[in-house]
K.L.:
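Shown below is the structure under consideration.
One-based numbering, in listed order, for ligands and for the atoms of each. Small disclaimer: the values here were computed from a predicted structure and weren't measured.
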Amino acid sequence: MELSERQERIIEIVKEQGPITGENIADQLGLTRATLRPDLAILTMAGYLDARPRVGYFFTGKTGTELLTEKLKKFKVGEFQSVPIVVDENVSAYDAVINMFLEDVGTIFVTDENAKLTGILSRKDLLRASIGNQDLSAVPVHIIMTRMPNIAYCSAEDLLLDAAQILIERQIDGLPVVEEKEDGLEVIGRLTKTNIAKALVELGRDEHL
Ligand code: ADP
C-alpha cells in the first residue's frame, strides 16, 4: 500500500524511539491521540508496527514486500475455491457438454454411485469425443474422462501456492477440492486458474499492504 506522509513519519518515530505510546507519538506530531488512531490501526493491521499493552508501539522491521509475500504464503485453497459442478459417470457426453455451457465451467468432475470422485472431464476431452461420427448421447462420460488414480486434487486446507504449482506442473486448468472419506474422495469445491487470478488481484489491491 501507499503510505501517507503522516504514516511514514509515524514509522520513523517508532523506528527511532519505540517502544513508544500512541500519546507520545501524537504529541510529537502535534496531533491528538484520536486523530492518530486510524493511522496506527492501519500500520498495525498491515504489519509495519506491533503494539503491546502498557508498553506501546514498536517497529516490526518488515518491508512492504516482506508483508506481501507473508500474506501470499498464508492464502488457503478454501478461501478462494468455487462451487464444483459434478455429474454421475453414467451421464452421456452430450449431457456433459450441455452442463458445461449451462454452468459456465471448463472442467466437470465425475462421481460414482456413492458420490465419490472417479474422473474429470475437460473441454478438450469432450471435443476429442466429438471428433468422428459417434453419437455423443450414446457415450457415457466414464469412457472419455481422465480417471482415478491419475487425478490431481487438493484440500481446502492446502496452501493456494501449492495448488497453483500443481496446475503448472500438470498443465491443467483446475483441481477438485476434496475431503477424504472411508469410501473415497468427496468433492467439495473447484480450484481453477481464475481463482488464483482472483487471489492475485486481492493481494495487489489490498489497501493495507
Ligand atoms: P482443456 O482440455 O480444456 O485444455 P485441461 O488442460 O484442464 O483443459 O485438461 C487437459 C487434460 O487433463 C484433459 O484430458 C483433462 O481430463 C485432464 N485433467 C484436467 N484436470 C485434471 C486434474 N485435476 N487431474 C488430472 N487430469 C486432469
K.L.:
What atoms of ligand 1 come closer than 4.0 angstrom to any heavy atom of Thr146?
P.N.:
14 (O), 15 (C), 16 (O), 17 (C), 26 (N)
K.L.:
If you take the nearest heavy atom of each of Gly106, Cys154, Ser122, Ala152, which one is closest to atom 10 (C) of ligand 1?
P.N.:
Ser122
K.L.:
How close does the nearest protein non-hydrogen atom get to atom 18 (N) of ligand 1, and which residue and atom is it?
P.N.:
Ile172 CG2, 3.6 Å
K.L.:
Just one of Leu31, Asp39, Ile20 clears the side-chain contact (heavy atoms from CB on, under 4.5 Å) bar with Ile25, so which one?
P.N.:
Ile20
K.L.:
Does any N or O in the side chain of Thr111 come within less than 3.5 Å of the main-chain N or O of Leu117, such that one atom is a donor and the other an acceptor?
P.N.:
no
K.L.:
Which residue owns the protein heavy atom closest to atom 6 (O) of ligand 1, what's the atom, and how far is it?
P.N.:
Gln171 O, 3.5 Å
K.L.:
With a cut-off of 4.0 Å, which atoms of ligand 1 are near a heavy atom of Gly174?
P.N.:
20 (N), 23 (N)
K.L.:
Could you list the atoms of ligand 1 found under 4.0 angstrom from a heavy atom of Leu175?
P.N.:
23 (N)
K.L.:
Please confirm whether Thr107 approaches ligand 1 to less than 4.0 Å, judged on its heavy atoms.
P.N.:
no
K.L.:
Which residue and non-hydrogen atom of the protein lie closest to atom 4 (O) of ligand 1, and at what distance in Å?
P.N.:
Lys124 NZ, 2.9 Å
K.L.:
Would a distance-only check, ignoring hydrogens and angles, find a side-chain to backbone donor-acceptor pair under 3.5 Å from Lys124 to Ser122?
P.N.:
no
K.L.:
Can you name the atoms of ligand 1, numbered from 1 with element, that are less than 4.0 Å from a heavy atom of Arg170?
P.N.:
25 (C)
K.L.:
Are Phe58 and Leu40 connected, step by step, through hydrophobic side chains (Ile, Leu, Val, Met, Phe, Trp, Tyr) whose heavy atoms are closer than 4.5 Å?
P.N.:
no
